[in-house]
Student: 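I'd like to ask you about the structure that follows.
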Amino acid sequence: MRDPRPEGSLQGIPHDITIVDYRFIRGPGRWTYRPVLEAILDIGALEDFPSNLIPGFPQRLEAWLPSLVEHQCSYGERGGFLRRLHDGTWPAHIVEHVALELQALAGLPTGFGRARETSQRGVYRVVIRAFQEQVALAALHAARDLVMAAIDDLPCDVAGSVAELVDLVDRHYLGASTLSIVDAADDRGIPAIRLNDGNLVQLGYGARQRRIWTAETDHTSAVAEGISRDKDLTKQLLESCGVPVPEGRLVTSADDAWEAACEIGLPVVVKPYDGNHGRGVFMNVRTREEVAAAWAIALEEGSGVIVERFVQGKEHRLLVVGGRVVAAARGEPAGVVGDGRSTVRELIELQLNSDPSRGESDECPLNYVRLDSSSRMELARQGFDPDSVVPAGRPVLVQRNGNVAIDVTGQVHPSVARAASVAAAVVGLDIAGVDLVIEDVSRPIGPQRGAIVEVNAGPGLLMHLKPAAGTAQPVGRAILDHLFPESDSGRIPVAGVAGTRDGSPIAHLLDGLLRLAGKRTGLACGDGLYVDGRRIADGDCAHWEPAQRLLANPRVEAAVIVNDGHAILAEGLAYDRCQVGIVTGIDADAGAPRFDIAGAEQMYGVLRTQVDVVLPEGVAVLAADDPLVAKMAALCDGDVIFYDGGAGAAVVDAHLADGKRAVVVRAGRIVLASGARSQAVADVAHLPVLERTGATEGTTRLDDLLAAIAAAWALGIAPELIRTGVETLSAARAPAAETLVA
């Protein structure tokens, strides 16, 4: 580390921190496996002024963001970053930590960060975890402004900056329900791709994918959804299958509603037959006047009105996933107690809406209590209106429903769970929120005259994830396990090709072998984007966006994706992990000046990413004749297959001595070797593609063929099929890569 004690003073010296450029690296890259924001920061004259030489700067920053004490930094201990701050560190490093902390204060998890010098003095690369791109970029700008304010001893509205970031998180980040499923997928190693700016997410790749939209899945039937919205039809279907429901019927007018109430017996419930979120629902309705008023408002909230028996008991929400109750929550009526001074309206704010568990964000399991028509009717029944002052000690009921957030999962009686599961199945929903009214959920449903009052598609999960009382339930994991049984990773075979030489010939050969093996393939390479051998896009497609298109295509059963060093540096890999990672070679003069990568040794640190992401059950296919590439074998979580035309014999011999695999040329024949065993698959001299291009043993063309054969072997393609493929695919392959057809 540099000596943080230069001489001089900032007084009179122009100084600033400038964000020169930035990019989002959306997949695994040289920094980390996760998406990050990489920015170029120019600190100018501040290069000569580390934090310990700016009077009061560490103290101001620590006072504004005391939670920075949790940052361990290079010391690996709590308070490590603050120690660096007081000992002396540079503004780019400080901006990194502040940006990460601002994201954490906005409700995102803590994340990865780095600050590194570039070849230009005073210019740094700052990298921060980007859970959501707009939020990460806003956090970077806010961090820059905050650090400059601390340097110049100017006021800074930290709370305002955090509030703006919270708003961005609410608008752009995944909702809590969706996030719980995505997090469960991450825990199981199932990849996720966000398909829009909302909560539509793909889990898994290609033909093995499933899609979710909050708590709806690609198996959630539109017919079932339509049934669930039609409350009267839902009741009819449930009743016909023996599920307990409240007696009632659809009504056509206020007079008809009163007649129905009299038939059923007061009190009753009046509600829209296709409403949602409890809007327009009136409970415990007792008089003709109340019935008429409730009917008029319920009609405004839906396209019809139902009158049904008022079921005595408490409101419950049972979450059914795949035919099984996985969570249950109970509601409590919302009420206030008078103090002799405050109005009902004021008491609601003081005693109910001040509860931190109430709010409009995804962090709050309970909604604010609003004085809607149903609440006003409850108040009037008790002799109050919203502006009435309530006598001291007098309890007032404000809201009967909509306060379901007390976990009772462990209390559900088997008969109750069975009724909820049957209800979801009758409607046809794979995931359902079943609303039940019952006195005691731990006792049989029949003797209590409990009833299922609604079956809802796309149920909210927050009441189960963050209950106001009781134990949080892992409902995201339950949904994930419903979509993907334990043995299902949601992955298709993905083969990545990396190196400083063009990997497109290898990719085309491997694509052809996979299609010969019966796979519908996707190929993204330097000359286009292909699905099942048909080119669907021209030009260079060896980068993130075209590859993501393949992985999102439900027709693709196996994907081959080319990534050179520049693509990895600029965007990262399009996939999180792969079954096969091929690295072809690193040229001695390899470099990427734009990214401060100079020479083969530094490029090694970039291209190793392709090996780092190989699955434990996967294989790295490496060029044995390149010492840097061969060194990557030690980095692989899975197995390694070397390929070699002759120059890497020593590496191959040692590898085979350990019982490992290699694809080599022996006595003019391409051989699959495994330990002491070997099997020839082709004579080099008789391969038309090598003859036609003038290639001979040891040329790049032969190396491409060996790499493709090794990758096919790694993907489980039988040697006999590889032999057929090498002969037929190569013989049929003209110079234009897209004409290679099995």
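Just so you know, residue 1 is the first one in the sequence shown, and it goes up from there. Model, not experiment: these values are computed from the prediction.
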Student: List for me each residue that meets side chain to side chain donor-acceptor pair (under 3.5 Å) alongside D576, sequence neighbours excluded, and say none if there are none.
Tutor: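 With neighbours one apart ignored, the set is Y205, R491.
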
Student: Tell me, do I479 and L461 make a side-chain contact under 4.5 Å, heavy atoms counted?
Tutor: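 Sidechains of L461 and I479: in contact.
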
Student: To the nearest 0.5 Å, tell me how far L573 CG sits from Q548 CD.
Tutor: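 Between L573 CG and Q548 CD, I get 10.5 Å after rounding to 0.5 Å.
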
Student: Start with the C-alpha distance between L41 and I19, add both sets of side-chain angles, then the distance that settles side chain to side chain contact (heavy atoms under 4.5 Å, CB included), and finish with yes or no.
Tutor: CA-CA 5 Å; L41 266 62; I19 300 173; 4.2 Å; yes

Student: With rounding to the nearest 0.5 angstrom, report the CG to CZ distance, N367 to R358.
Tutor: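 Interatomic distance, N367 CG to R358 CZ, rounded to 0.5 Å: 8.0 Å.
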
Student: The test is side chain to side chain contact (heavy atoms under 4.5 Å, CB included); show your working for C578 and L615 and say whether it passes.
Tutor: CA-CA 6 Å; C578 63; L615 289 160; over 6 Å; no

Student: Is a side-chain N or O of S504 found less than 3.5 angstrom from the main chain of G526, in a donor-acceptor match?
Tutor: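 Checked: pair present.
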
Student: Is any side-chain heavy atom of V629 closer than 4.5 Å to a side-chain heavy atom of T584?
Tutor: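 The answer is no; the side chains never approach within 4.5 Å.
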
Student: I'd like to know if R60 and D152 make a salt bridge, using a cut-off of under 4.0 Å between side-chain N and carboxylate O.
Tutor: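 No.
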
Student: With D612, which residues qualify under side chain to side chain donor-acceptor pair (under 3.5 Å), at least two apart?
Tutor: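 Result, side chain to side chain donor-acceptor pair (under 3.5 Å) vs D612: R608.
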
Student: Please determine which of L85, D87, L82 meets the side chain to side chain contact (heavy atoms under 4.5 Å, CB included) test together with P58.
Tutor: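 So the option named by the test is L85.
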
Student: Out of curiosity, H86 NE2 to S51 OG, how far, rounded to the nearest 0.5 Å?
Tutor: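 Here the interatomic distance stands at 8.5 Å.
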
Student: Under 3.5 Å, is there a donor-acceptor pair between the side chain of W90 and the main chain of E47?
Tutor: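 Indeed, once roles are kept as given, a pair shorter than 3.5 Å links the two residues.
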
Student: Quick check: closest heavy atoms across V562 and A507, and the distance to 0.1 Å?
Tutor: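 It is CG2-CB, 3.5 Å.
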
Student: Answer yes if the side chains of N563 and Y575 hold a donor-acceptor pair under 3.5 Å, and no otherwise.
Tutor: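 Side chains of N563 and Y575: pair found under 3.5 Å.
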
Student: Could you list the residues that satisfy ring pair (Phe, Tyr, Trp, His ring centres under 6.0 Å) with H71, not counting sequence neighbours?
Tutor: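 Ring pair (Phe, Tyr, Trp, His ring centres under 6.0 Å) check on H71 returns H97.
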
Student: Is any side-chain heavy atom of F81 less than 4.5 Å from a side-chain heavy atom of I94?
Tutor: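 Of all side-chain heavy-atom pairs linking I94 with F81, at least one is under 4.5 Å.
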
Student: On a heavy-atom basis, which atom in A498 and which in L607 lie closest, and how many Å separate them?
Tutor: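 Reported closest heavy-atom pair: CB-CD2, 4.2 Å.
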
Student: Do the side chain of Q209 and the main chain of A552 share a donor and acceptor less than 3.5 angstrom apart?
Tutor: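 Flag set: sc Q209 to bb A552 pair under 3.5 Å.
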
Student: If you look at every heavy atom in L165 and A138, which pair is closest and at what distance?
Tutor: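 Answer, listing the atom of L165 first, then A138: CD2-CB, 3.7 Å.
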
Student: In Å and rounded to the nearest 0.5 Å, what is the CD1 to CD distance from I128 to E96?
Tutor: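 The CD1 atom of I128 sits 8.5 Å away from the CD atom of E96.
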
Student: Ignoring hydrogens and angles, tell me if any N or O in the side chain of S177 forms a donor-acceptor pair with the backbone of T214 under 3.5 Å.
Tutor: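 Not confirmed, S177 side chain does not pair with T214 backbone.
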
Student: Testing I25, V127, I597, I568 for side chain to side chain contact (heavy atoms under 4.5 Å, CB included) with R30, which one passes?
Tutor: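 The option that passes is I597.
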
Student: Any side-chain to backbone donor/acceptor pair from N199 onto G175? Under 3.5 Å, distance only.
Tutor: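 Yes, N199 side chain to G175 backbone: donor-acceptor pair under 3.5 Å.
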
Student: Of all residues at least two apart in sequence or in a different chain, which pass the salt bridge (charged side-chain N to carboxylate O under 4.0 Å, His left out) check with R129?
Tutor: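 Residues passing salt bridge (charged side-chain N to carboxylate O under 4.0 Å, His left out) with R129: none at all.
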
Student: H172 versus D197: any side-chain heavy-atom pair under 4.5 Å?
Tutor: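 SC-SC contact between H172 and D197 ruled out.
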
Student: Tell me whether N196 at atom CG has more than 12 heavy atoms from other residues, nucleotides or ligands lying less than 6.0 Å away.
Tutor: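 For N196, atom CG is crowded (more than 12 foreign heavy atoms under 6.0 Å).
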
Student: Walk me through whether L146 and V158 qualify under side chain to side chain contact (heavy atoms under 4.5 Å, CB included).
Tutor: CA-CA 8 Å; L146 190 152; V158 178; 3.8 Å; yes

Student: For M632 and V611, which heavy atoms make the closest approach, and how far apart are they?
Tutor: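 For M632 and V611, the tightest heavy-atom pair comes out as O-CG1, 3.6 Å.
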
Student: Give a yes or no on whether E601 atom CD has more than 12 heavy-atom contacts from other residues, nucleotides or ligands under 6.0 Å away.
Tutor: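 At most 12 heavy atoms, drawn from other residues, nucleotides or ligands, come within 6.0 Å of this atom.
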
Student: I'd like to check R210 versus H482 (side-chain heavy atoms, cut-off strictly below 4.5 Å). Are they in contact?
Tutor: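 No - every pair of side-chain heavy atoms lies 4.5 Å or more apart.
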
Student: Per the salt bridge (Lys or Arg N to Asp or Glu O under 4.0 Å) rule, what does the pair list look like for residues 564-574, sequence neighbours excluded?
Tutor: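 Every candidate salt bridge (Lys or Arg N to Asp or Glu O under 4.0 Å) pair involving residues 564-574 fails, so no pair, neighbours aside, qualifies.
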
Student: Cut-off 3.5 Å, side chains only: do D42 and T18 have a donor facing an acceptor?
Tutor: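 Short answer, no.
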
Student: Would you give the length of the straight line joining atom CD of E133 to atom CG of L37, rounded to the nearest 0.5 angstrom?
Tutor: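 Answer for the CD-CG pair, E133 versus L37, is 8.5 Å.
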
Student: If you define the side chain from C-beta out and look only at heavy atoms, does anything of I151 sit under 4.5 Å from F49?
Tutor: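 I151 vs F49: side chains apart.
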
Student: Are there more than 12 heavy atoms of other residues, nucleotides or ligands under 6.0 Å from atom OH of Y22?
Tutor: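 No, not enclosed.
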
Student: Sequence neighbours left out, what pairs pass salt bridge (Lys or Arg N to Asp or Glu O under 4.0 Å) with at least one residue falling in residues 172-186?
Tutor: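 The answer is R34-D186.
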
Student: Step by step, would you call R83 with E62 a salt bridge (Lys or Arg N to Asp or Glu O under 4.0 Å)?
Tutor: CA-CA 11 Å; R83 181 177 163 190; E62 188 174 355; over 6 Å; no

Student: Measure from the side-chain N and O atoms of S357 to the backbone N and O of L366, and report whether any donor-acceptor pair falls under 3.5 Å.
Tutor: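 Judged by distance alone, no pair lies under 3.5 Å.
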
Student: Does the distance from a Lys or Arg side-chain N to an Asp or Glu carboxylate O, for D596 and R125, drop under 4.0 Å?
Tutor: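 Answer for the salt bridge query: yes.
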
Student: Please report the C-alpha distance between V614 and D637 in whole Å, then the side-chain angles of each, then the deciding distance to 0.1 Å, and finally whether the side chain to side chain contact (heavy atoms under 4.5 Å, CB included) criterion is met.
Tutor: CA-CA 6 Å; V614 171; D637 290 341; 5.8 Å; no

Student: Within the 4.5 Å heavy-atom criterion, are I431 and L319 side-chain neighbours or not?
Tutor: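 I431 vs L319: side chains touch.
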
Student: With side chains defined as the heavy atoms from C-beta onward, is the minimum distance between D626 and V583 less than 4.5 Å?
Tutor: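 With C-beta onward as the side chain, the pair stays apart.
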
Student: In Å, rounded to the nearest 0.5 Å, how long is the span from CG of L108 to CD of Q132?
Tutor: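 Those atoms lie 8.5 Å apart.
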
Student: Is the backbone of L569 close enough, under 3.5 Å, to the side chain of E38 for a donor and an acceptor to pair up by distance?
Tutor: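 Between the backbone of L569 and the side chain of E38 there is no qualifying donor-acceptor contact (under 3.5 Å).
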
Student: Is there a donor-acceptor contact under 3.5 Å from the side chain of R577 to the main chain of V613?
Tutor: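 Yes.
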
Student: Is there a donor-acceptor pair under 3.5 Å between the side chain of T500 and the backbone N or O of D587?
Tutor: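 Indeed, once roles are kept as given, a pair shorter than 3.5 Å links the two residues.
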
Student: So which atom in A192 and which in L203 form the shortest heavy-atom distance, rounded to 0.1 Å?
Tutor: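 Reported closest heavy-atom pair: CB-CD2, 3.8 Å.
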
Student: Where is the tightest heavy-atom contact between H464 and A327, given as atom of each residue plus distance?
Tutor: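 The answer is ND1-CB, 3.5 Å.
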
